[in-house]
Amino acid sequence: MAARLMLVLAALFCLPAELLAVSPDRQLGTSGLAFYKHVSALHQWLGIHPDAAARSRLRFHYEANVLQSIGRDAYGRQHFLAPAAAEAWHAMDQAAREDGVRFLVVSSYRSAEYQAHLIRRRLEEGRAPERVFASIALPGYSEHHSGCAVDLASEEQPQLGAAFRHTRAYEWLHRHAADFGFRESYPRGNSKGIIPEPWHWFHLSCAD
């Protein structure tokens, strides 16, 4: 009976049935179903076929329920992470500063709706959908929703890009990020269908 219910819910919200089986207590609650419905509506707004979500090699992520400020960037924008990720971020950032490395936070928590607008903007610019979806996760599938992901630049390389891989900041992350629970989500040769993103780091407190 439970398995059948999962299949019905997956069909209703245009999402793979296996997503509903990961954590029933959480995912079958009202807030979980509401988020599925919201994500499905965003996919429809973007013209994304339901099969695209089913084929995604990325994990589905809920939006964080609790967020904590990690400060403002050079443009005055405030950035937020989930509490455990925020605490780890501050510790890692301080350790890097002591080694003479200074990170610039470019992006942190993003809602599914904000993710949809990022995609819509690029599609309206005339970019090919396959290229857009190789660089921006579908709404519901971005690690940024969880509040545990940060996109980082540095004083050497203040813009997001492949050149970040050749900075002292990236070298420091490659050596020390795991000590603070962070990992590079999309390295070269990743199996997720996402272009390499040396700037994107995810805290493992949201990996369960």
Side-chain angles (χ1 to χ4, degrees), residues 1-70 77-89 105 107-123 129 132-151 181-183 185-186 192-194 197 200-208:
M1 182 66 179
R4 184 175 181 181
L5 175 60
M6 290 177 189
L7 290 172
V8 171
L9 291 172
L12 178 61
F13 297 111
C14 304
L15 292 168
E18 58 267 30
L19 293 176
L20 296 171
V22 176
S23 179
D25 291 341
R26 179 181 179 186
Q27 295 188 9
L28 295 181
T30 303
S31 60
L33 292 179
F35 186 61
Y36 284 136
K37 187 173 182 179
H38 180 53
V39 166
S40 179
L42 290 173
H43 287 191
Q44 292 176 25
W45 180 65
L46 290 169
I48 298 171
H49 194 277
D51 286 350
R55 292 195 302 269
S56 176
R57 286 173 276 175
L58 300 176
R59 176 187 167 191
F60 189 84
H61 288 277
Y62 285 94
E63 292 176 341
N65 293 321
V66 180
L67 293 168
Q68 182 175 314
S69 173
I70 59 169
R77 298 174 301 185
Q78 196 164 16
H79 289 280
F80 296 89
L81 291 175
E87 182 178 350
W89 160 255
V105 178
S107 185
S108 51
Y109 168 78
R110 292 203 300 252
S111 68
E113 186 169 355
Y114 187 87
Q115 191 81 2
H117 281 279
L118 285 178
I119 292 172
R120 183 71 171 261
R121 188 186 313 157
R122 282 159 177 73
L123 292 174
V132 172
F133 299 137
S135 60
I136 306 178
L138 296 178
Y141 292 83
S142 172
E143 291 181 341
H144 286 288
H145 302 340
S146 69
C148 285
V150 285
D151 289 344
F182 284 91
R183 62 154 167 76
S185 296
Y186 309 116
K192 304 299 183 181
I194 298 292
E197 294 188 351
H200 181 98
W201 294 78
F202 179 71
H203 192 255
L204 296 179
S205 61
C206 289
D208 295 335

Give me the ring orientation class for His38 and Phe35: parallel if the planes are under 30° apart, tilted from 30 to 60°, perpendicular past 60°. tilted

Specify whether Phe182 and Trp89 have parallel, tilted or perpendicular ring planes, treating 30° as the upper limit for parallel and 60° as the lower limit for perpendicular.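 Judged by the thresholds at 30° and 60°, the geometry between Phe182 and Trp89 is perpendicular.
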
Could you tell me whether a side-chain N or O of [X] sits under 3.5 Å from a main-chain N or O of [Y], the two making a donor and an acceptor?
{"X": "Gln78", "Y": "Ser69", "answer": "no"}
{"X": "His145", "Y": "Arg110", "answer": "yes"}
{"X": "His43", "Y": "Pro139", "answer": "yes"}

Within the 4.5 Å heavy-atom criterion, are [X] and [Y] side-chain neighbours or not?
{"X": "Leu46", "Y": "Arg120", "result": "yes"}
{"X": "Val132", "Y": "Leu123", "result": "yes"}
{"X": "Gln115", "Y": "Tyr141", "result": "no"}

In this structure, are over 12 heavy atoms from other groups packed under 6.0 Å from Glu87 atom CD? no

Which atom of [X] lies closest to which atom of [Y], heavy atoms considered:
{"X": "Leu81", "Y": "Ala86", "answer": "CB-N, 3.9 Å"}
{"X": "Gly147", "Y": "Leu67", "answer": "CA-CD2, 4.3 Å"}
{"X": "Ala88", "Y": "His203", "answer": "CB-NE2, 3.2 Å"}

Nearest-0.5 Å distance, [atom1] of residue [X] to [atom2] of residue [Y]:
{"X": "Tyr109", "Y": "Cys148", "atom1": "OH", "atom2": "SG", "answer": "12.0 Å"}
{"X": "Phe80", "Y": "Ile70", "atom1": "CZ", "atom2": "CD1", "answer": "9.5 Å"}
{"X": "Leu42", "Y": "Ile119", "atom1": "CG", "atom2": "CD1", "answer": "9.0 Å"}
{"X": "Asn65", "Y": "Ser146", "atom1": "CG", "atom2": "OG", "answer": "11.5 Å"}
{"X": "His117", "Y": "Ser111", "atom1": "NE2", "atom2": "OG", "answer": "8.0 Å"}
{"X": "Ser107", "Y": "His200", "atom1": "OG", "atom2": "NE2", "answer": "9.0 Å"}

Residues in side-chain contact (heavy atoms from CB on, under 4.5 Å) with Arg183, at least two apart?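 By the side-chain contact (heavy atoms from CB on, under 4.5 Å) rule, Arg183 matches Glu143, Ser185, Phe202, Leu204.
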
Centre-to-centre under 6.0 Å for His144 and His61, is that the case here? no

